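As structure tokens, the structure follows; a few thoughts come after it.
Sequence lines set the chain letters: A, B, ... in the order given, protein chains first and strands last, and positions in each chain run from 1. In this text the structure is predicted, and so the values were computed from the model without any measurement.
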There are 2 protein chains.
Amino acid sequence: MASKSNIFTIASETGYSVSTVSRVLTGQAEKFRISKKAIDLISETARRLNYQPDLVAQTLRTKQSRTIGLLVPGIDNPFFATLAGIIIKLLGDRGYHTLLADSREAEAEEEQALQMFLGRKVDGIITVPVSSSAARLEQISQQTPVVLIDRHFSKTNLPYVCTDNYVGARMATEYLLQHGYKRILAIQGVRSSMPNQERLRGFKDALKGEDVIYEAVGDAFSVENGHDEIVRAFGGNGSRFDAVFAFSATILLGAIDAFRELNIKVGEEVGIISYDNNGFLDFLDPAITRVEQPLREASELAVETLFSIMEARREGRSEPEVLQRLIPPTLVVRSSC
Amino acid sequence: MASKSNIFTIASETGYSVSTVSRVLTGQAEKFRISKKAIDLISETARRLNYQPDLVAQTLRTKQSRTIGLLVPGIDNPFFATLAGIIIKLLGDRGYHTLLADSREAEAEEEQALQMFLGRKVDGIITVPVSSSAARLEQISQQTPVVLIDRHFSKTNLPYVCTDNYVGARMATEYLLQHGYKRILAIQGVRSSMPNQERLRGFKDALKGEDVIYEAVGDAFSVENGHDEIVRAFGGNGSRFDAVFAFSATILLGAIDAFRELNIKVGEEVGIISYDNNGFLDFLDPAITRVEQPLREASELAVETLFSIMEARREGRSEPEVLQRLIPPTLVVRSSC
DNA sequence: TAATTGCGCACAATCGTTTGAGCAATACTT
DNA sequence: AAGTATTGCTCAAACGATTGTGCGCAATTA
């Protein structure tokens, strides 16, 4: 009953027309020379009737929903959950709401979500893409601004904010080398994904010319993958490897678990280093040395970028040029290697 | 350009009226005796023009958005992230989208989010409430179905699905007793919250008549709280306690950290048991014995409940009666006590 | 006094759908 | 052959807002 009041109710209640009411309520009063008397009466009445604008009607008319579509490949993954949390907050601060969808690493679900975003008339899209091609997103971005985060495509002019996975992996690998490890096993995540490729490249480049042996196995950002690859590599009689580079925190967990099963002491018998931030890595024993990504900074940059594009388009300006950012990660040293 | 086609485009393209097009596209064709010829032509044209209905316009007209508002107190908390992930998936399976908001444990932000949900005409709301009173939500639920999850209010007829925190805490405490612990420290979360109160009640009831000493300290579901209370209780020369019951996984982490600082061996010198599910509790050393909440089951029940109410209201039926569910948690035994 | 200007507001179209009511043509009845 | 049913569709009014245009009136100017 409270929310039954609309612009028309207020109009008849105050005796003014709906247009006047609308202009007052949208803050266009002085632009249209509405009298102070009218402004006061209308605002007061709106408050009294507990008027809440119908955002759906507003959107239909104005083509602006003050909503951003956020698409991640798995909200149950702490990494994306943290990311989503930060972004939702940042958008909220700017008066925008978030329509969250989960592609579950599947292209079909990604496409569905994008359709939905467009149908819902979101003002912009922030996404961690899962599809292998940028084509669809590039097409969409002509209509609705799109900013990629965490993952990007090799040749695309879509704006993105990613951490520099190449540098991160290089840092991690060099750290292992400096500490005397000579036989390194890398466990990868989804191979087709850009972060994984970059990490692999960084890993290999760091090893170039070094007197070490190495191998890069695995194919998923999952606990199981970490577990299975460790069992495979360390399960037999002894192992060729003295250190492990886990390409994600989930992989790391699986590895830790496998080492425990195999009764191999992490930090002593084998060194281990991981990618990803994740507060609880500090609570493992030993605490895990890792490459952390500046999630907050990345999120802020992504949101900023998105809004600058939105603003530019709204004002018919050409879009800013530098829209692809690679930000450097940080090495957090603990005691696992 | 692709998405510029609307129902009117299709109408003029096919020569039929917009009403006919609409009825075909919404599957009401035979109900209105549209000819097969018309159906075929219209569907074919829609496909050819890549028609996507404007969900905003649809919502305005039908008052149904096929969207559910999901409100959690902190999406960056793994517990709620997991919950959100499950719920988003379940809703997606039923053809519904999710508008996600984060109240950050603040009443003001909760209220804002609820306003937004109503303005957006969500068809239903699933929320982990943070406010101390049920009043506002009860008011809203007359307009839009509301289901509480994880937390509820003591006397309310709002439907909810929570785990039985009383039983869970009792189970945990009894487990400690059975294993010979005699001096138990409980570290609480937010005292005003229903889950905390229930856990405390379960804890105390389990100890009734037993020959043990105990204390319940702390006041936040945070790592710091866990840390500080352990330091306070175990920091001096020896401690009165031989076991700790952490009321949440965050508290547990703080405790683990503090024990490490104090050089006290968990599992040997002190037993510890925790609340909350959290996959990584298995990766700590020792793995933590804990009370897990059946998140999936709870989510399914909550979604089911919400839809049954929505359906009942749509059909003008009276709403189902039994809508408040307390589901039993599970004791997951590991090696920390 | 008549023409001009500015002020304060109202009219009505519009956004893209859905939907109750109605209407012309054909088919069926008796 | 005239009346009734059925078929297959169209008309136009909503939903709740925004917004370009225009109009009556008073104050100012000529």
Report task. Using only side-chain N and O atoms of B:Thr20, determine if any of them is under 4.0 Å from OP1 or OP2 of D:dC9. Result -> no
Query - Annotated protein contacts, base or backbone, on nucleotides 11-17 of chain C with a non-hydrogen cut-off under 4.0 Å, one of B, S, - each - result: B-BBBBB
Query raised in the report: Relative to each other, are the rings of B:Phe307 and B:Tyr96 parallel, tilted or perpendicular (30° and 60° limits)?
Result: perpendicular
Query raised in the report: Reckon B:Gly15 touches a base, only the sugar-phosphate, or nothing at all at heavy-atom distances under 4.0 Å?
Result: sugar-phosphate
Query raised in the report: For residues 29-38 of chain A, which residues have at least one heavy atom under 4.0 Å from DNA chain C?
Result: A:Phe32, A:Arg33, A:Ile34, A:Ser35, A:Ala38
Query raised in the report: Would you say B:Tyr16 reaches D:dT10's phosphate, i.e. side-chain N/O to OP1/OP2 under 4.0 Å?
Result: no
Query raised in the report: Using 4.0 Å as the upper bound for N to carboxylate O, is an ion pair formed by B:Arg296 and B:Glu300?
Result: yes
Query raised in the report: What's the CD1-C1' distance between B:Ile39 and D:dC9, to the nearest Å?
Result: 12 Å
Query raised in the report: Should the heavy atoms of other residues, nucleotides or ligands under 6.0 Å from CZ of B:Phe8 be counted, would the total exceed 12?
Result: no
Report task. State plainly whether the residues B:Arg314 and B:Glu311 are in salt-bridge range, i.e. N to O under 4.0 Å. Result -> no
**Report entry** N/O donor-acceptor pair under 3.5 Å between B:Ser5 side chain and B:Leu49 backbone
**Finding:** yes
Requested in this report: Identify whether the distance between the nearest side-chain nitrogen and carboxylate oxygen of A:Glu110 and A:Arg136 falls below 4.0 Å.
Outcome: no
Query raised in the report: Are the side chain of A:Thr98 and the backbone N or O of A:Leu100 linked by a donor-acceptor pair below 3.5 Å?
Result: no
Report task. Determine whether the side chains of B:Thr305 and B:Arg325 contain a donor N or O and an acceptor N or O closer than 3.5 Å. Result -> no
Query raised in the report: Taking atom P of C:dG8 as reference, at what distance in whole Å does atom CD of A:Gln28 sit?
Result: 17 Å
